[in-house]
**Student:** 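Let me begin by handing over the structure; questions about it come next.
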Amino acid sequence: MTIDTPKPTTGHEQRVARTVVIRPRRSASLAAITEIYEFRQLFVRFAKRDIILRYRQTALGVVWVILQPLLGAGVLSFVFGSVANLPAPAGIPYFVFAYFGFLGFGAMSGTFTKAAESVRANAAMVTKIFFPRAILPMATCGSTAVDFAVSLGLGIILLLVTGVALTPRILLTPLVFLMALLVGLGPGLVAAALMVRYRDVQYIVPVGVQMFLFASPVAYQFSTVPGSVRPWLRLNPGVGVLEAIRWCALGTSEIDRVAVVVSLAVGLVGAVAGLAYFTSKEQGFADVI
């Protein structure tokens, strides 16, 4: 009986086994942001996927993106413009005034609702593949940006048709949109993390959006609010966004600078705090989703 003995291996043939250990982050830090940047190609793919599904899986497609702000502005015009007889700025039709208010509100609420549902909607992916989970809610901003761009184009057409003069301020509208993203993204990240464990959040989100609609000057001018109420209403980050978008698009001379600063500050702090909370909870998503 012969026994085959293993041949000696050279140094080049020897392989050293390496073990890579992936540990969850305990808190949001610069490392978390760096990790998201390293997965930027995946971020772009998720954003493109959301945009494609946004228009492919609807019967009306892009038409719905146009109808939504038109219908919203129409309802607000009838209820608040005709029935309640609320005034619009001089020289601006109430429908146009309500349209741009609904446009700013839609950017904030759309960012919030899409981000809140993003993790739960991708449950199968979360349980099988490793990637920074924060990419999911943040990538939804791509479809919100497309919706905003389409609605803004329609809004410019409305301005031309109704005879409202365009001003160079319209070029600043994308900056207002970025502020709206920050306002909606922070709470959206918190809601996305909570919705993984608590299914009740999916019912709270639409109720919160409705309350936010009536608490924001979407259908009325902030300048018409009684002086004793304005300091409290300025704490609503949506006020500054709506004031800014109307100042840019409609050329109104009045703008509450304090409200704009509050919206920007709350948006930045909220986005950072939302990311911190989300990353502190994402290590348990795969176990409970």
**Student:** Who are the ring pair (Phe, Tyr, Trp, His ring centres under 6.0 Å) partners of Tyr198, not counting sequence neighbours?
**Tutor:**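 Checked Tyr198 against ring pair (Phe, Tyr, Trp, His ring centres under 6.0 Å); zero matches.
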
**Student:** Give me the other members of the hydrophobic cluster that Met211 sits in, counting Ile, Leu, Val, Met, Phe, Trp and Tyr linked by side-chain heavy atoms under 4.5 Å, directly or via other members.
**Tutor:**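 Besides Met211, the cluster holds Val207.
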
**Student:** Please give me the minimum heavy-atom distance between Ala191 and Val201, naming the atom from each residue.
**Tutor:**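 Result for this residue pair: O-CG1, 3.9 Å.
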
**Student:** Quick test of your reading: applying salt bridge (charged side-chain N to carboxylate O under 4.0 Å, His left out), list the pairs with at least one residue in residues 106-128, sequence neighbours left out, ordered by first then second residue.
**Tutor:**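 The answer is Lys114-Asp147.
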
**Student:** Once side chain to side chain donor-acceptor pair (under 3.5 Å) is applied, do any residues pair with Ser216, and if so which ones, sequence neighbours excluded?
**Tutor:**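 Partners of Ser216 by the side chain to side chain donor-acceptor pair (under 3.5 Å) criterion, ordered by chain and then number, come out as Asn236.
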
**Student:** Among pairs that include at least one residue of residues 81-99, which meet salt bridge (charged side-chain N to carboxylate O under 4.0 Å, His left out), considering only residues two or more places apart or in two chains?
**Tutor:**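 Sorted result for residues 81-99: empty, none.
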
**Student:** Who pairs with Asp256 by side chain to side chain donor-acceptor pair (under 3.5 Å), at least two apart in sequence or on another chain?
**Tutor:**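 Only Arg234 meet the side chain to side chain donor-acceptor pair (under 3.5 Å) criterion with Asp256.
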
**Student:** List, one per line, each side-chain donor-acceptor pair under 3.5 Å for residues 259-275, sequence neighbours excluded.
**Tutor:**
from: Ser263; atom 1: OG; to: Pro237; atom 2: O; distance (Å): 2.4
from: Ser263; atom 1: OG; to: Gly240; atom 2: N; distance (Å): 3.0
from: Ser263; atom 1: OG; to: Ala259; atom 2: O; distance (Å): 3.0

**Student:** Mind checking side chain to side chain contact (heavy atoms under 4.5 Å, CB included) for Ile51 and listing every partner two or more places apart, or none if nothing turns up?
**Tutor:**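 Partners of Ile51 under the side chain to side chain contact (heavy atoms under 4.5 Å, CB included) test: Tyr55, Ser143, Val146.
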
**Student:** Can you name the residues that form a side chain to side chain contact (heavy atoms under 4.5 Å, CB included) with Pro187, not counting sequence neighbours?
**Tutor:**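 Listed in chain order: Phe112.
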
**Student:** Under a single-linkage rule joining Ile, Leu, Val, Met, Phe, Trp and Tyr whose side-chain heavy atoms are separated by less than 4.5 Å, which residues share a cluster with Trp232?
**Tutor:**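 Same cluster as Trp232: Leu235.
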
**Student:** Which residues pass the side chain to side chain contact (heavy atoms under 4.5 Å, CB included) test with Leu158, sequence neighbours left out?
**Tutor:**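 Checked Leu158 against side chain to side chain contact (heavy atoms under 4.5 Å, CB included); matches are Leu70, Phe95, Tyr99.
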
**Student:** Kindly say whether Arg246 contributes a backbone atom to a donor-acceptor pair with the side chain of Arg169 at under 3.5 angstrom?
**Tutor:**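 A pair under 3.5 Å: no.
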
**Student:** Run the side chain to side chain donor-acceptor pair (under 3.5 Å) test against Arg49 and tell me which residues pass, sequence neighbours left out.
**Tutor:**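 Arg49 satisfies side chain to side chain donor-acceptor pair (under 3.5 Å) with Asn122 only.
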
